[in-house]
Student: 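Sharing a structure here in structure tokens format.
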Amino acid sequence: MFRAAHSMGPAILKAHFEMMAGYNAWANERVFEAIEPLPVEDFRRELQVAYGSLHKTLNHIYVSDMIWMARFRGQANPPWAFDHIPHFRLEDLKARRTALDRDILGFVLALDETSLMTDINYLTVLQPENVSEPLAPALAHFFNHQTHHRGQCHAMLTRLTGDAPELDLSSFQRGA
């Protein structure tokens, strides 16, 4: 699969990841705006999804993103499991999420086309193993993972409120 993406050319991959970094920030902002009016008990309500609640799922995305950003930069993983809850209050989580989204966008914008083809080396979290892989497919996983769990947040918001924000990539592309 990476070979097919690689044949598209580094310039196209860089533009794609820049779009995904912008989309990530846009979608996260929309999710948090939809959650802010909820009572705290709904924010923390267990709803039988992978991480249980909006609170836990949004923390999982944050923790995972922090781990991947450390890997992308050649740093050690933060000492967290994927279910770690670093932020208990919605306001704190939103502030840190917004800062992280700015960091992600800055990181992607600073990449050059050559760096997308270089390998990153990291230690996995669940069953520690050293991994080496090109940055481009790792970034693809990074953005796909965020989208996957935001979809779960979308479903939880729909269940709790009967409504959820538009998060389609095409909506971002039309409005960006």
Student: Output the distance between atom OG (Ser53) and atom CE (Met156), rounded to the nearest 0.5 Å.
Tutor: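 Those atoms lie 6.5 Å apart.
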Student: With side chain to side chain donor-acceptor pair (under 3.5 Å) as the test, would you mind laying out the steps for Asn130 and Asn121 before giving the verdict?
Tutor: CA-CA 7 Å; Asn130 287 309; Asn121 303 294; over 6 Å; no
Student: Could you tell me whether a side-chain N or O of Asn77 sits under 3.5 Å from a main-chain N or O of Leu123, the two making a donor and an acceptor?
Tutor: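 Checking the backbone N and O of Leu123 against the side chain of Asn77, a donor-acceptor pair under 3.5 Å is found.
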Student: With a 4.5 Å cut-off on side-chain heavy-atom distances among I, L, V, M, F, W and Y, is there a chain of contacts connecting Met117 to Ile120?
Tutor: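 Yes, because Met117 and Ile120 connect within a single hydrophobic cluster, where side-chain heavy atoms sit under 4.5 Å apart.
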Student: Between Val49 and Thr57, is a side-chain contact (heavy atoms from CB on, under 4.5 Å) present by the stated rule, with each step listed?
Tutor: CA-CA 9 Å; Val49 296; Thr57 301; 4.0 Å; yes
Student: Identify the residue among Glu36, Glu29, His87 that makes a side chain to side chain donor-acceptor pair (under 3.5 Å) with Lys94.
Tutor: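 Among Glu36, Glu29, His87, the one that satisfies the side chain to side chain donor-acceptor pair (under 3.5 Å) with Lys94 is Glu36.
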Student: Let me confirm one number: the CG-CG distance from Leu139 to Leu111, rounded to the nearest 0.5 Å.
Tutor: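 Going from the CG atom of Leu139 to the CG atom of Leu111 covers 6.5 Å.
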Student: Measuring from Ile61:CD1 to Thr147:OG1, what's the distance to the nearest 0.5 Å?
Tutor: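 Going from CD1 on Ile61 over to OG1 on Thr147, the span is 9.0 Å.
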Student: Going through the distances and angles, do Phe72 and Phe142 end up as a ring pair (Phe, Tyr, Trp, His ring centres under 6.0 Å)?
Tutor: CA-CA 10 Å; Phe72 296 155; Phe142 176 72; 5.2 Å; yes
Student: Is the His60 ring parallel, tilted or perpendicular to the His149 ring (thresholds 30°, 60°)?
Tutor: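 Perpendicular.
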Student: If you round to the nearest 0.5 Å, how far is CE of Met66 from CG of Asn59?
Tutor: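 If I round to the nearest 0.5 Å, the distance is 12.0 Å.
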Student: Would a single hydrophobic cluster contain both Leu105 and Phe172, if residues Ile, Leu, Val, Met, Phe, Trp and Tyr are joined by side-chain heavy-atom contacts under 4.5 Å?
Tutor: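 Phe172 does not cluster with Leu105.
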Student: Would Phe88 and Arg44 satisfy side-chain contact (heavy atoms from CB on, under 4.5 Å), going step by step from the backbone distance to the final call?
Tutor: CA-CA 10 Å; Phe88 290 92; Arg44 295 177 190 267; 4.0 Å; yes
Student: Under a 3.5 Å threshold, yes or no: a donor from one side chain and an acceptor from the other, between Tyr122 and Glu133?
Tutor: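 Yes - a donor-acceptor pair under 3.5 Å links their side chains.
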Student: What pair of heavy atoms forms the shortest contact from Ser171 to Trp26, and how long is it?
Tutor: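 So the two residues come closest at CB-CH2, 4.0 Å.
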Student: Verify the ring-centre separation between His141 and Trp68: is it less than 6.0 angstrom?
Tutor: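 Judged by ring-centre distance (under 6.0 Å), Trp68 and His141 do meet the cut-off.
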Student: Which heavy-atom pair separates Phe82 from Val63 by the least distance, and what is that distance?
Tutor: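 Of all heavy-atom pairs spanning Phe82 and Val63, the closest is CA-CG1, 4.3 Å.
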Student: Taking Phe107 as the starting point, is it possible to reach Met20 by hopping between hydrophobic residues whose side chains are less than 4.5 Å apart?
Tutor: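 In one cluster: yes.
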Student: When you group the ILVMFWY residues by side-chain heavy-atom contacts below 4.5 Å and let the links chain together, are Leu47 and Phe32 in the same group?
Tutor: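 Yes: a chain of side-chain contacts under 4.5 Å links Phe32 to Leu47.
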Student: Could you state whether Tyr51 and Leu90 fall into the same hydrophobic cluster, counting links through intermediate Ile, Leu, Val, Met, Phe, Trp or Tyr residues with side-chain heavy atoms under 4.5 angstrom apart?
Tutor: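 Yes, same cluster.
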Student: How far apart are the closest heavy atoms of Leu38 and Thr161, and which atoms are they?
Tutor: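 Looks like CD2-CG2, 3.5 Å.
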Student: Under the side-chain contact (heavy atoms from CB on, under 4.5 Å) criterion, do Asn24 and Ile104 qualify, and how do the steps go?
Tutor: CA-CA 9 Å; Asn24 173 63; Ile104 291 167; 3.9 Å; yes
Student: First locate atom CG of Asp83, then atom CD1 of Ile85, and finally report the distance between them rounded to the nearest 0.5 Å.
Tutor: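 The CG atom of Asp83 sits 7.0 Å away from the CD1 atom of Ile85.
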Student: Kindly indicate whether the side chain of Pro165, heavy atoms from C-beta on, has any atom under 4.5 Å from the side chain of Glu33.
Tutor: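 Answer no - side chains too far apart.
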Student: Search all heavy atoms of Pro86 against all heavy atoms of Tyr62 and return the closest pair with its distance.
Tutor: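 Minimum heavy-atom contact is CG-CD2, 3.8 Å.
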Student: Just wondering, do Val31 and Leu58 contact through their side chains at under 4.5 Å, heavy atoms?
Tutor: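 Side-chain contact under 4.5 Å: yes.
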Student: Measure the CG-CD1 distance between Leu54 and Ile35 for me, rounded to the nearest 0.5 Å.
Tutor: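 Taking CG in Leu54 and CD1 in Ile35, the distance rounds to 4.5 Å.
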Student: Pairs in or reaching into residues 48-69: which pass salt bridge (charged side-chain N to carboxylate O under 4.0 Å, His left out), with residues at least two apart or in two chains?
Tutor: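 Qualifying pairs, neighbours excluded: Glu46-Lys56, Asp65-Arg97.
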Student: Taking all heavy atoms of Pro134 and all of Pro137, pick out the closest pair and write down the distance.
Tutor: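 That would be O-CD, 3.2 Å.
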Student: If you look at every heavy atom in Leu169 and Met19, which pair is closest and at what distance?
Tutor: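 Closest heavy-atom pair between Leu169 and Met19: CD2-CE, 4.2 Å.
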Student: Does CD in Glu91 sit with more than 12 non-hydrogen atoms of other residues, nucleotides or ligands closer than 6.0 Å?
Tutor: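 Buried by this count: over 12 neighbours within 6.0 Å.
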Student: Could you list all the salt bridge (charged side-chain N to carboxylate O under 4.0 Å, His left out) pairs where at least one residue sits in residues 105-123, not counting sequence neighbours?
Tutor: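 Those involving residues 105-123 do not exist here.
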Student: Is there a side-chain contact between Arg150 and His154 (heavy atoms, below 4.5 Å)?
Tutor: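 No, side chains not in contact.
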Student: Between Arg96 and Leu100, does a side-chain contact (heavy atoms from CB on, under 4.5 Å) hold up when you go through it step by step?
Tutor: CA-CA 6 Å; Arg96 296 310 308 148; Leu100 180 55; over 6 Å; no
Student: For Asp103, which residues count as a side-chain hydrogen bond (donor to acceptor under 3.5 Å, both in side chains) partner, sequence neighbours excluded?
Tutor: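 With sequence neighbours excluded, Asp103 shows a side-chain hydrogen bond (donor to acceptor under 3.5 Å, both in side chains) to Arg73, given in chain and number order.
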Student: If the threshold is 4.0 Å, N to carboxylate O, is there a salt bridge linking Glu18 and Lys14?
Tutor: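 A salt bridge is present here (some side-chain N lies under 4.0 Å from a carboxylate O).
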